[in-house]
Amino acid sequence: MNLKKIYKYGSPPNFYRFAMKLEPWCLSLGLFLTAIGSIGGLFIAPKDYQMGDAFRIIYFHVPSAYLSMSAYAAMGIASIIGIVWRSNVAFAVAKSIAPFGALMTAVALITGMLWGKPMWGTAWVWDARLTSEFILLLLYFGYIALHATIKEQKRADRAASLLAILGIVNLPIIHYSVVWWNTLHQASTISKLDSPSIVGEMLWPLLLMIIGYMIFFIGVICRGGSAEVLMREKRSNWVKEV
Amino acid sequence: MSIFDMGDYNFYVWSSVFVSMLALFLSYFDAKKKHKDATSTIRNMNKPK
């Protein structure tokens, strides 16, 4: 790919125009896929022979858990780009991802508790998967708090980005926690792409939900990121034309 | 039997649906509000005095 094209979107006006064009497409496609996935998961997929209808919670738990980690990875990558290339757009994108990622992590934990209560008999245990996901939530809170407490924009960007980059180490720990330790949380279901431990009739709504959530996330970040870019560039001439 | 009936797990399943959908909509409206606030700040800044 032509690197010049990538650099082009590092400029605030180009990023803003591109994000505002992309946003409605991502939101509509994301919501459409999520709606189809929800209908498939709640009403079409067969009951699990052991868990009954309670298994349907995975159609909301798994996409939010995937998104909590993907959002953090995106925030970490944006922070690296911001620090290495001193890109204001990358810092703005990283900052706009943080509240959304925190919300998705909270949803993953809450829906996990709603699944754990009837299935495990308890809503919470300090096992490796749950604890590492909880640490992810704390990392998001730390990023948001650090950004809010430092008044000077550039220092706040750098400090929060360093925290985001350090926190990337938690992502493989979350993913492999069920392999490395004996956990109450079940092992991976669909990440074994060659042989997923879930039947096709149950799998397709889950995949639609995951893709739908991801596309919706891109749409929200387009809107939130452009708002952040506008605020940072409020004294620039191009902003007056917006 | 209604298709909305999840048996013993009604509360758990529908609470998960509610929490997830609420989070998606809140995140979108939060981003939209931030954008609206940013544009109105800029418009106020550029108002002729």
Side-chain angles (χ1 to χ4, degrees), chain A residues 20 23 27 30-31 34 38 41-44 47 51-61 63-64 96 99-104 106-108 110-119 209 212-213 216-217 219-235 239-240 242, chain B:
Chain A
M20 292 311 284
E23 185 230 350
L27 288 176
L31 279 181
T34 304
S38 300
L42 288 169
F43 308 119
I44 300 172
K47 265 186 196 179
M51 294 184 270
D53 281 316
F55 104 95
R56 297 185 199 281
I57 294 172
I58 69 158
Y59 293 108
F60 303 90
H61 171 67
S64 52
S96 65
F100 185 72
L103 195 60
M104 282 300 120
V107 170
I110 294 168
T111 50
M113 287 162 132
L114 286 165
W115 188 84
K117 188 66 188 161
M119 290 298 115
M209 289 294 280
Y213 267 49
F216 185 82
F217 161 70
V220 170
I221 297 312
C222 282
R223 176 64 75 155
S226 4
E228 188 59 34
V229 166
L230 274 187
M231 285 309 284
R232 284 164 185 247
E233 296 279 317
K234 59 186 172 196
R235 294 185 202 289
V239 171
K240 290 176 189 162
V242 172
Chain B
M1 200 175 79
S2 161
I3 54 164
F4 296 101
D5 184 19
M6 300 289 165
D8 294 339
Y9 306 112
N10 256 328
F11 168 75
Y12 301 105
V13 174
W14 291 113
S15 301
S16 305
V17 177
F18 175 73
V19 168
S20 307
M21 293 301 135
L22 182 70
L24 287 185
F25 286 106
L26 279 182
S27 59
Y28 172 64
F29 286 111
D30 176 57
K32 205 174 166 184
K33 187 183 173 293
K34 279 180 184 160
H35 191 264
K36 202 178 161 192
D37 290 347
T39 43
S40 63
T41 306
I42 289 158
R43 210 166 290 139
N44 288 336
M45 271 175 64
N46 295 322
K47 256 185 194 167
K49 288 171 189 166

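Each chain gets a letter, A, B and so on, in the order the sequences are listed, and its residues count up from 1.
There is no contact between A/Ser96 and chain B, counting heavy-atom distances below 4.5 Å. Within the 4.5 angstrom heavy-atom criterion, only side-chain atoms of A/Leu27, from C-beta onward, approach chain B. Interface remark: A/Phe55 contributes no atoms to any contact with chain B (heavy atom separation under 4.5 Å). Neither the backbone nor the side chain of B/Leu22 has a heavy atom closer than 4.5 Å to any heavy atom of chain A. For a residue to count as touching a neighbouring chain, one of its non-hydrogen atoms must lie under 4.5 Å from one of that chain's; by this rule A/Met113 does not touch chain B.
Looking at heavy atoms from C-beta onward, A/Met20 lies in side-chain contact with B/His35 at the 4.5 angstrom threshold. With a 4.5 Å cut-off on side-chain heavy atoms, A/Pro118 and B/Phe11 do not count as touching. B/Ser20 places none of its side-chain heavy atoms less than 4.5 Å from the side chain of A/Tyr59. The shortest side-chain heavy-atom distance between B/Tyr12 and A/Arg56 does not fall under the 4.5 Å cut-off. Residues A/Pro99 and B/Lys34 form a side-chain contact, since some pair of their non-hydrogen atoms from C-beta on lies under 4.5 Å apart. Residues B/Val13 and A/Phe60 fail the side-chain proximity criterion, which asks for heavy atoms closer than 4.5 Å.
Counting heavy-atom pairs closer than 4.5 Å to chain B, the top-ranked of the candidates A/Lys117, A/Glu228, A/Lys234 is A/Lys234. When each of A/Phe43, A/Tyr213, A/Trp115, A/Phe217 is scored by its heavy-atom pairs under 4.5 Å with chain B, the top score falls to A/Phe43.
With rounding to the nearest 0.5 angstrom, the CG atom of B/Asn10 is 8.5 Å from the CG atom of A/Asp53. Distance check: B/Phe18 CZ to A/Leu114 CG gives 12.0 Å after rounding to the nearest 0.5 Å. Put simply, CE on A/Met231 and OG1 on B/Thr39 are 10.0 Å apart, with the number rounded to the nearest 0.5 Å. Considering OG1 of B/Thr41 and CG of A/Leu230, their distance stands at 9.5 Å, rounded to 0.5 Å. With rounding to the nearest 0.5 angstrom, the CG atom of B/Asp30 is 12.0 Å from the CZ atom of A/Arg223. One finds the OG atom of B/Ser16 at 4.0 Å from the CD1 atom of A/Ile57 (value rounded to the nearest 0.5 Å).
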query: Could you walk me through whether A/Ser38 and B/Met21 pass the side chain to side chain contact (heavy atoms under 4.5 Å, CB included) check?
result: CA-CA 10 Å; A/Ser38 300; B/Met21 293 301 135; 3.9 Å; yes
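Among all heavy-atom pairs drawn from A/Glu23 and B/Tyr28, the shortest one is OE2-CE1, 3.4 Å. Heavy-atom minimum distance, B/Ala31 versus A/Gly224: CB-N, 3.8 Å.
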